[in-house]
Enquirer: 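Pasting a structure below so you can have a look.
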Amino acid sequence: MDRQSTNSQTDVITGTSVGLGICIVALILLLAAIVVGFGPVMALAPSPDPNSEHWVQIESIDADPANETATTVTLTHRIGGSDTGSAPPGTHQYAVTGVDPGHVDAAGDWAYLSKSSLPSSLVMAAGNHSAGVEAVGPWVLVGNLSTATEVVRTAPVTVGAPAAMDVDPARKAHFLSLLVSPYQLHQDRAEPATILIAPDALPYDGVTYGTRSYITQHAFWDGDATSVWIHEYLHSQQRFETAPEMEWFREASATYLAARMLEEQYHEVEPEDVRAWIMARDDSAGTALADESTWDRSNANYYRGARLLYAADAAIREGSGGKHCLVDVFREMNARKEPVTLDEFVHIVESFSGRSEPWLREAITGTGTLEGRVSDPEAVFAE
């Protein structure tokens, strides 16, 4: 939100007083902007630093003469000192054609470009926002960028965005770090996570590559019982490998735990909201979680998996008298050096519930509705 002064001065004041008053007002506005994290400070976010080893600047974003539905982005890339990429030190200019107009903003001086369309020397500069370059998966964000890193307890989170976007990376990073910090997802310190704000034109609401994600949803809360931000953060913390029959756990755990963490940390979401949201998802009765070939683009790994983990979490909490939950399973899986098999997963769940869970294996390997085969967790979470 931009702040503009609308007050007019009608009194006769000396030049010294006017100058002093302007300085005081400017100082107050600057301090206020720093505290709240938006306003003039965000509007004046710096352009790429021309003194850095690498410096990328957007020269122009124009209509593509060869394609009426695309744009051409012209970049200047300055390389200082020695370079191990394809280009020698000096200033180089590149034109990227055929760019989706939804991936660029001429007024905001930024563009999301395919990594394959850029020289390796430019891609190597990614990760230094002062150079005007950030990368995530197959994409490279170039232009006038703003990035902030926040750490609450042991959850380091970096958020980056085009400086012209109406988003404050410092506030986003702090809130996400604060929200996930109560949960120990690793035996030791959490993996540093980087999230880049992206336009709606990119293919997904959010996607993670290793510990780097892009998100097109600016709000932390999606409006029901889910959060793309927490979901993608959880992906960035999945250090474990899985055997093929446990591949479903990746999306299922990010889906379920995002809803559960939101319910436990955010006052707008209640346990019944989580239950209603999960139970409203397609049960994918014709699929078996352990057999990816049966999913057939049904999102069974997301929703059938989340429904099963809802029951598993309740069993763990009930069996342990509230001492353990599914987060403990997630952390134990992260500690494993070898891919986690179905047998190992069942063993981990039972070790935290303190009792045999004979229903669990069959629910993962079998098809058919989960109704009647998985106990209703409502009573556990209603307590």
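Along the sequence shown, residues carry numbers from 1.
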Enquirer: Nearest 0.5 Å please: distance from the CD atom of E318 over to the SG atom of C325.
Expert: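 These two atoms lie 14.5 Å from each other.
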Enquirer: Any donor-acceptor pair under 3.5 Å linking the side chain of D328 with the backbone of F352?
Expert: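 Side chain of D328 to backbone of F352, a donor-acceptor pair under 3.5 Å: no, none is there.
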Enquirer: Do side-chain atoms of Q238 reach the backbone of R250 as a donor and acceptor pair under 3.5 angstrom?
Expert: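 Side chain of Q238 to backbone of R250, a donor-acceptor pair under 3.5 Å: yes, one is there.
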Enquirer: Do any side-chain atoms of residues 293-300 form donor-acceptor pairs under 3.5 angstrom with protein atoms, and if so which ones, sequence neighbours left out?
Expert:
from, atom 1, to, atom 2, distance (Å)
S293, OG, D291, OD1, 2.6
S293, OG, D291, OD2, 3.3
T294, OG1, A288, N, 2.9
T294, OG1, A288, O, 3.2
T294, OG1, D291, O, 2.8
W295, NE1, A288, O, 3.3
S298, OG, W295, O, 2.6
S298, OG, A300, N, 3.2

Enquirer: Could you walk me through whether F249 and L289 satisfy the side chain to side chain contact (heavy atoms under 4.5 Å, CB included) test, starting with their C-alpha distance in whole Å, then the side-chain angles of each, then the deciding distance to 0.1 Å, before giving a yes or no?
Expert: CA-CA 9 Å; F249 185 83; L289 288 173; over 6 Å; no
Enquirer: When you look at V157 and T149, which way does the side chain to side chain contact (heavy atoms under 4.5 Å, CB included) test go after all the steps?
Expert: CA-CA 6 Å; V157 175; T149 299; over 6 Å; no
Enquirer: Which class fits the ring pair H231 and H235: parallel under 30°, tilted 30 to 60°, perpendicular over 60°?
Expert: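 Judged by the thresholds at 30° and 60°, the geometry between H231 and H235 is perpendicular.
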Enquirer: Quick check: closest heavy atoms across A107 and D105, and the distance to 0.1 Å?
Expert: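 Closest approach of A107 to D105: N-OD1, 3.0 Å.
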Enquirer: Main chain of I230, side chain of S227: is a donor-acceptor contact present, judged purely on distance under 3.5 Å?
Expert: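 Yes; at least one donor-acceptor contact below 3.5 Å.
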Enquirer: Hey, could you give me the CG/CG distance between L145 and L196, rounded to the nearest 0.5 Å?
Expert: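 If we round to the nearest 0.5 Å, L145:CG and L196:CG are 8.5 Å apart.
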Enquirer: Do E150 and T158 meet the criterion of a side-chain donor-acceptor pair at a distance under 3.5 Å?
Expert: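 No - no donor-acceptor pair under 3.5 Å links their side chains.
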Enquirer: Ignoring hydrogens and angles, tell me if any N or O in the side chain of D313 forms a donor-acceptor pair with the backbone of L326 under 3.5 Å.
Expert: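 Confirmed, D313 side chain pairs with L326 backbone.
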Enquirer: Would you say the side-chain atoms of R331 pair up with the backbone N or O of Q184, donor to acceptor, closer than 3.5 Å?
Expert: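 Confirmed, R331 side chain pairs with Q184 backbone.
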Enquirer: Using the rule given for side chain to side chain donor-acceptor pair (under 3.5 Å), can you reason through T226 versus D224, listing the C-alpha separation, both sets of side-chain angles and the distance that settles it, and then say yes or no?
Expert: CA-CA 6 Å; T226 58; D224 40 40; 2.7 Å; yes
Enquirer: Do D200 and D205 have side chains that approach each other closer than 4.5 Å (heavy atoms only, starting at C-beta)?
Expert: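 Answer no - side chains too far apart.
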Enquirer: Any side-chain donor-acceptor pair under 3.5 Å between T97 and D64?
Expert: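 No.
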Enquirer: Inspect the surroundings of CD in E68 and state if more than 12 heavy atoms from other residues, nucleotides or ligands are less than 6.0 Å away.
Expert: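 Check fails, neighbour count at 12 or below.
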Enquirer: Where the side chain of R212 meets the backbone of A135, is there a donor-acceptor pair that is under 3.5 Å apart?
Expert: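 Judged by distance alone, yes, a pair lies under 3.5 Å.
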Enquirer: Do the side chains of M333 and F345 get nearer than 4.5 Å, heavy atoms only?
Expert: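 Side-chain contact under 4.5 Å: yes.
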Enquirer: Out of F175, Y233, Y266, which one pairs with F220 under the ring-ring contact (aromatic ring centres under 6.0 Å, His included) rule?
Expert: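 Exactly one option meets the ring-ring contact (aromatic ring centres under 6.0 Å, His included) with F220, and it is F175.
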Enquirer: Answer whether the closest heavy-atom distance between the side chains of V73 and V104 falls below 4.5 Å.
Expert: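 When only atoms from C-beta onward are counted, V104 and V73 do touch, with a gap below 4.5 Å.
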Enquirer: Which heavy atom of V123 sits nearest to which heavy atom of L118, and what is that distance?
Expert: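 Of all heavy-atom pairs spanning V123 and L118, the closest is CG2-CB, 4.1 Å.
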Enquirer: Has Y204 got more than 12 heavy atoms of other residues, nucleotides or ligands less than 6.0 Å from its OH?
Expert: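 It does not: Y204 OH has 12 such atoms or fewer within range.
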Enquirer: Only one of N334, V349, L309 forms a side chain to side chain contact (heavy atoms under 4.5 Å, CB included) with V329, so which one is it?
Expert: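 That would be V349.
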Enquirer: Quick one: closest heavy-atom pair of L234 and A258, and the distance?
Expert: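 Looks like CD1-N, 3.6 Å.
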Enquirer: May I ask you to check whether over 12 heavy atoms, not counting those of Q93, lie within 6.0 Å of atom CD?
Expert: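 Counting neighbours around CD of Q93, more than 12 heavy atoms of other residues, nucleotides or ligands fall under 6.0 Å, so yes.
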Enquirer: Ring-plane angle category for Y310 and Y256, please: parallel below 30°, perpendicular beyond 60°, tilted otherwise.
Expert: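 Tilted.
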Enquirer: Regarding E232 and S236, is there a side-chain donor-to-acceptor distance under 3.5 Å anywhere?
Expert: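 No - no donor-acceptor pair under 3.5 Å links their side chains.
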Enquirer: With side chains defined as the heavy atoms from C-beta onward, is the minimum distance between Q187 and E332 less than 4.5 Å?
Expert: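 The answer is yes; the side chains approach within 4.5 Å.
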Enquirer: Any donor-acceptor pair under 3.5 Å linking the side-chain atoms of H77 with those of Q57?
Expert: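 Checked: Q57/H77 side chains show no N/O donor-acceptor pair below 3.5 Å.
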Enquirer: So, for A164 and G108, which heavy atoms are closest and what is the spacing to 0.1 Å?
Expert: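 Scanning both residues, the minimum pair turns out to be CB-CA, 3.5 Å.
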Enquirer: Following the transitive rule for hydrophobic clusters with a side-chain heavy-atom cut-off under 4.5 Å over Ile, Leu, Val, Met, Phe, Trp and Tyr, establish whether W221 and V167 coincide in one cluster.
Expert: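 Yes: a chain of side-chain contacts under 4.5 Å links W221 to V167.
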Enquirer: Determine, using the 4.5 Å side-chain heavy-atom cutoff (strictly less than), whether L178 and I195 are members of one ILVMFWY cluster.
Expert: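 L178 and I195: separate clusters.
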Enquirer: Taking all heavy atoms of A155 and all of V180, pick out the closest pair and write down the distance.
Expert: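 Minimum heavy-atom separation between A155 and V180: CB-CG2, 3.9 Å.
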Enquirer: First locate atom CG of L122, then atom OG1 of T76, and finally report the distance between them rounded to the nearest 0.5 Å.
Expert: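 If I round to the nearest 0.5 Å, the distance is 10.5 Å.
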Enquirer: With hydrophobic residues grouped by side-chain heavy-atom distances under 4.5 Å, do W359 and I348 end up in a single group?
Expert: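 Linked, W359 and I348 end up in one cluster.
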Enquirer: Using side chain to side chain contact (heavy atoms under 4.5 Å, CB included), reason through T287 and T367 one step at a time and then give a plain yes or no.
Expert: CA-CA 5 Å; T287 67; T367 60; 5.8 Å; no
Enquirer: Tell me if the aromatic rings of F330 and F240 count as close, with their centers under 6.0 Å from one another.
Expert: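 Yes, the ring centres sit under 6.0 Å apart.
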Enquirer: Give the intermediate values and the outcome of side chain to side chain donor-acceptor pair (under 3.5 Å) for residues E191 and T211.
Expert: CA-CA 7 Å; E191 293 282 348; T211 59; 5.8 Å; no
Enquirer: Check for a donor-acceptor pair, side chain of E344 on one end and backbone N or O of T341 on the other, with a separation under 3.5 Å.
Expert: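 Answer holds: yes.
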Enquirer: Using every non-hydrogen atom in the two residues, find where I197 and M165 come nearest and quote the distance to one decimal.
Expert: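 Scanning both residues, the minimum pair turns out to be CG2-SD, 3.5 Å.
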Enquirer: Would Q237 and H186 count as a side chain to side chain donor-acceptor pair (under 3.5 Å) here? Give the steps.
Expert: CA-CA 8 Å; Q237 302 306 301; H186 296 273; 3.0 Å; yes
Enquirer: Around atom CD of E241, are there more than 12 heavy atoms of other residues, nucleotides or ligands at under 6.0 Å?
Expert: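 For E241, atom CD is not crowded (no more than 12 foreign heavy atoms under 6.0 Å).
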Enquirer: Please tell me whether Y112 and H103 form a close aromatic pair, meaning their ring centres lie under 6.0 Å apart.
Expert: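 No.
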Enquirer: List the steps, then state whether side chain to side chain contact (heavy atoms under 4.5 Å, CB included) holds for E134 with T147.
Expert: CA-CA 10 Å; E134 289 278 3; T147 303; 3.7 Å; yes
Enquirer: Examine distances only and state if a side-chain atom of R275 and a backbone atom of P271 form a donor-acceptor pair shorter than 3.5 Å.
Expert: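 Not confirmed, R275 side chain does not pair with P271 backbone.
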Enquirer: Please check this pair: side chain of S177 against backbone of H174, looking for a donor-acceptor N/O pair closer than 3.5 Å.
Expert: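 Not a single qualifying donor-acceptor pair exists.
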Enquirer: Test the K115-W139 pair against the cation-pi criterion, namely NZ or CZ under 6.0 angstrom from the six-membered ring centroid and within 45° of the ring axis.
Expert: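 Because its charged atom misses either the 6.0 Å distance or the 45° angle limit, K115 does not stack over W139.
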Enquirer: Tell me whether T365 contacts the main-chain N or O of R361 through its side chain, where contact means a donor paired with an acceptor under 3.5 Å.
Expert: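 Looks like yes, one N/O pair under 3.5 Å.
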Enquirer: Quick one: CG on L75 to OH on Y94, what's the gap to the nearest 0.5 Å?
Expert: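 Output value for this atom pair is 9.0 Å.
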Enquirer: Side chains of T208 and S213 only: does a donor on one sit below 3.5 Å from an acceptor on the other?
Expert: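 Indeed, the side chains of T208 and S213 share at least one donor-acceptor pair under 3.5 Å.
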Enquirer: Going hydrophobic residue to hydrophobic residue with side-chain gaps under 4.5 angstrom, can you get from W229 over to V152?
Expert: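 No, because W229 and V152 fall into different hydrophobic clusters, even though each may have its own neighbours under 4.5 Å.
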Enquirer: Nearest 0.5 Å, please: how far is CG in D100 from CG in N67?
Expert: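 The distance works out to 10.0 Å.
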Enquirer: About how many Å separate CG of D282 and CZ of R307, when rounded to the nearest 0.5 Å?
Expert: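 One gets 9.5 Å once the value is rounded to the nearest 0.5 Å.
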